[in-house]
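Below you'll find the structure, written out as structure tokens, and then a few comments.
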Amino acid sequence: MRGVIIDVDHDLGNREETIIRIFVRTEKGTEMFLERYEPYVYVIGDDLDKIAEKLRNVEGVTSAEKTNRLIRWEKRDVLLVRLKHNKYAKDLRDAVKEMGGECREHDIPVERKYLYERRITPMQTVEIEAENGWVREIRPSEGSVPVKIAAFDLEMYAQDRMPDPKRDEIIMASYVDSDGNKTVITTKKIDAPFVKTVETEEQIISELNRLIRENDPDIIFTYNGDAFDLPYLKERAHVLGLKIPWGRDGSEPRIRRSGGGNTTVEITGRAHVDVFQIIQFMAAVGAINTFKLDLENVYKTVLGREKVKIEHRDIAEVWRSGNLEDLALYNLQDSEACYELGMEFLPLYEELARITTSTLYNIVRMSTSQIVEWKLIQEAYVAGKIVPRKPKEEEVRARMMQSYAGAFVRQPIPGLHENIVVLDFRSLYPTIIISHNVDPDTVNAPYCSREEAYVSPVGHYFCKEPKGLLPRMLEEVLKERFALKDRMKKMDKSDPEYRIVYAKQQALKIIANSAYGYLGFARARWYSKECAEAITAWARKYIQDVMKKAEEFGFKVLYGDTDSVFLVLPEGWGVEKAFEFLEKINAELPKPMTLEFDGFYKRGIFLTRRGGQGAAKKKYALIDEKGNLKITGMEYVRRDWAEIAKEVQKRVLELVLGEGKPDKAVEYVRRIIDDIRAGKVPKEKLIIYTQIRRDLDRYEAKGPHVAAAIKAMRRGVKIEPGMIIGYVITRRGKSISDKAELAAFAEDGDYDPEYYIHNQVLPAVMPILEELGYTERDLSKGSAQKTLFDFT
DNA sequence: TAATTCGCTAGACCGA
DNA sequence: TCGGTCTAGCGAA
């Protein structure tokens with residue numbers, strides 16, 4: 001039988017032996033297969049024979065065989081101890097400790113060990129031979145089997161408060177799936193083809209149960225189902241005396257509490273994919289950029305489509321006396337948008353799951369560090385290396401105290417520049433790791449001499465042989481990724497295969513880009529400050545070398561940050577000179593380090609810093625020959641600036657860089673200032689968005705965003721860490737904080753024009769205009785408002 | 001329980 | 001009232 005592995009776990013009810021359960025989608029449907037398994041634990045120590053002898057009498061141990069594994073760079077004898085059940089692991093550890101040994105890999109989950117040993121992974125197609133559901137053999141196979149996918153969403157009735165499952169009923173549930181089912185279940189009669197009206201709330205739940213059981217999806221998408229929909233549904237069902245037996249073994253969803261008080265919800269035999277978790281992750285790695293992560297915003301920015309939005313606080317009212325068709329449509333579109341977003345990222349996550357031998361459920365909830373770590377653990381298994389232990393809390397604290405030097409950022413030359421070439425290193429940190437064999441096990445290792453090592457600019461040395469686990473992994477990852485990118489170039493974008501190839505290379509990119517940060521991450525098993533600081537030291541050296549050589553070659557070096565250089569072409573030089581330079585540099589670089597051509601810009605501007613003192617780093621704008629403007633670091637790209645300031649800044653840059661008409665820019669700014677004074681600016685353009693990052697009473701300095709949040713809280717608005725709030729500076733109050741009010745509490749037209757002129761628009765545009773010789777005074781010339789200007 | 005350092009700027013805060 | 005310092009947030013890479 002052939003199929004795709006959807007989920008792997010072990011029977012939690014059985015405490016005597018370990019029964020691995022593998023849920024496989026086959027052509028006929030999804031089936032559960034079982035296999036008895038004995039998880040392993042390694043024991044290291046001096047007198048292994050004696051320990052082995054004693055261990056054979058310890059409860060739960062089925063075998064203890066001597067074998068060898070690599071511990072860091074050393075091949076050592078270890079005991080491979082097998083257990084009947086993982087519940088014996090704790091006692092084993094204590095017993096081993098008493099015998100003078102130590103356990104290793106006791107904290108790797110049983111399912112993972114099983115998958116490593118069978119050399120299979122979730123989301124992979126496998127061939128299974130089974131008897132009465134018991135696996136005889138399971139092995140990787142070719143081809144694919146389509147999986148079944150669904151999404152659902154709930155609406156609750158709660159008047160002016162957060163819905164509470166103890167009191168507040170579920171009024172609507174929507175369900176969509178890959179078979180084309182689309183349903184909204186509700187208790188009111190609504191005239192829409194997709195609505196199914198039932199009598200009671202209980203029937204909404206049982207109807208949803210039926211849809212899940214009958215359609216039997218392998219993947220269930222939710223949007224915030226971890227924190228909200230699923231815990232709510234489960235508790236509400238219990239309040240009503242119902243169950244939600246969505247698990248493939250008839251179990252209810254399991255709510256797991258992680259450290260930060262966050263919950264995740266697991267459904268046996270299915271992959272509960274909370275798309276909100278994916279979106280948060282994609283925002284963290286910079287793959288998507290929206291300041292609000294609510295479904296409507298994300299749907300718009302990721303897929304470019306709009307959906308109906310009804311504010312949570314309005315749902316109760318619409319339900320009582322509003323347009324029910326709208327509410328039903330909103331509910332349906334929540335499921336549809338969630339489904340479409342999930343489908344957008346599914347290929348990426350399937351690939352990440354395969355690369356790291358993780359279930360879809362797990363991978364969707366991992367951070368970048370966890371992804372790297374599980375990838376390394378998987379590689380360690382294959383290489384016969386024992387996985388390092390997790391650091392103790394004390395160790396973590398000590399590591400966090402230690403900082404190290406990072407990237408080099410060149411002081412830019414302020415002002416306007418023309419004919420700018422940007423060059424950058426392709427995957428700089430990963431290629432440094434590969435070319436210098438940077439690894440926690442090769443750094444300052446005793447088994448090689450300094451002559452057999454790469455010596456970093458800060459003095460750490462790295463044995464050239466053998467290849468470390470990390471550089472070996474990254475070499476594979478980069479090789480594969482570059483091959484995929486080449487393939488993509490030859491493909492048609494409409495080819496369905498294109499998306500898959502794109503997702504594969506994106507998965508590899510995430511891993512490559514996270515490796516360096518992982519080394520400097522205090523909770524990492526493979527933490528190494530020495531490696532992290534050697535990488536940045538080499539990076540500084542290489543980029544500064546390039547700058548020096550560029551100058552010798554005849555370029556003017558304008559700027560550079562971490563892995564890039566901005567060069568000005570001298571009079572009469574064409575872009576081909578840059579390629580000539582690249583060739584020269586690349587001939588000298590160790591493999592696979594490569595300097596690449598990134599772009600040519602006809603004009604660019606670097607601005608003098610607020611306090612004077614030269615040009616600001618990490619803030620500039622470039623425009624290419626087609627007129628495409630690229631703005632970096634400036635107010636325009638920051639969410640904590642009002643739209644009016646950002647919009648004006650962008651327009652000024654267009655006029656200055658694109659059209660070369662600074663006079664027009666000055667005229668334009670003048671007009672905007674008049675508009676602001678005249679009270680013509682709509683509220684949406686005045687909102688400043690800022691994240692509340694802690695509990696409100698824990699702020700030492702109460703900035704405007706905190707002040708606005710406190711006022712809103714007193715009016716009954718719930719403010720929680722992590723929320724992004726939007727506020728407006730009104731006329732009411734003395735300090736800026738006094739005047740700050742959440743946008744919801746600010747009347748249209750109630751804004752402080754002087755604040756928006758002097759603290760928003762002018763700071764965004766004056767540095768640009770000043771670079772061209774204008775002063776603030778020039779903005780008032782000929783203006784009817786001249787006398788109102790306060791220049792002092 | 002979950003990647004790093006470098007850098008800019010605002011607005012509050014505090015003491016002279 | 002002024003100017004320096006500190007807190008806080010966000011972005012670049």
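Below, read A as the first sequence line, B as the second, and so on, with proteins coming before strands; counting in each chain starts at 1.
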A/R638 vs C/dC10: side-chain N/O to OP1/OP2 distance below 4.0 Å: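 Answer is no, no contact under 4.0 Å.
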
Touch class at under 4.0 angstrom, heavy-atom based, for A/G517 against every strand present: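 The residue A/G517 makes base contact.
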
Sugar-phosphate only, base, or nothing, as touched by A/N759 at under 4.0 Å among non-hydrogen atoms: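 Counting heavy atoms under 4.0 Å across all strands, the contact made by A/N759 is with sugar-phosphate only.
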
From A/I605 atom CD1 to A/I623 atom CD1, the distance as rounded to the nearest 0.5 Å: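 Atom-to-atom, A/I605:CD1 and A/I623:CD1 are 11.5 Å apart.
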
Distance flag, aromatic centroids of A/Y429 and A/W538, threshold under 6.0 Å: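 Ring-ring flag for A/W538/A/Y429: false, centres at least 6.0 Å apart.
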
Just the rounded figure in Å: distance from [atom2] of [N] to [atom1] of [X].
| X | N | atom1 | atom2 | result |
| --- | --- | --- | --- | --- |
| A/E754 | B/dG11 | CD | C1' | 18 Å |
| A/Y516 | B/dA3 | OH | C1' | 9 Å |
| A/Y620 | B/dG7 | OH | P | 14 Å |

Is a salt bridge present between [X] and [Y], judged by a nitrogen-to-oxygen distance below 4.0 Å?
| X | Y | answer |
| --- | --- | --- |
| A/K618 | A/D561 | yes |
| A/R472 | A/E476 | no |
| A/R254 | A/E266 | yes |

With A/E770 via side-chain contact (heavy atoms from CB on, under 4.5 Å) - residues at least two apart: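 Scan of A/E770 (side-chain contact (heavy atoms from CB on, under 4.5 Å), adjacent residues dropped) gives A/M766.
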
Side chain A/R610 and base B/dT9 donor-acceptor under 3.5 Å: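 Between B/dT9 and A/R610, which were checked side chain against base, a qualifying N/O pair under 3.5 Å is absent.
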
Closest-nucleotide 5' rank along DNA chain B - winner of A/R410 and A/A522: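 Closer to the 5' end of DNA chain B: A/A522.
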
Residue whose nearest DNA chain B nucleotide is more 5′ - A/S369 or A/K618: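 The answer here is A/S369.
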
Proximity to DNA chain B (any heavy atom under 4.0 Å), residues of residues 722-734 of chain A only: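 Heavy-atom contacts with DNA chain B come from no residue of residues 722-734 of chain A; none.
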
Would you tabulate the nitrogen or oxygen pairs shorter than 3.5 Å linking the protein to nucleotides 12-16 of chain B?
from   : atom 1 : to     : atom 2 : distance (Å)
B/dA12 : OP1    : A/S737 : N      : 2.9
B/dA12 : OP1    : A/S737 : OG     : 2.8

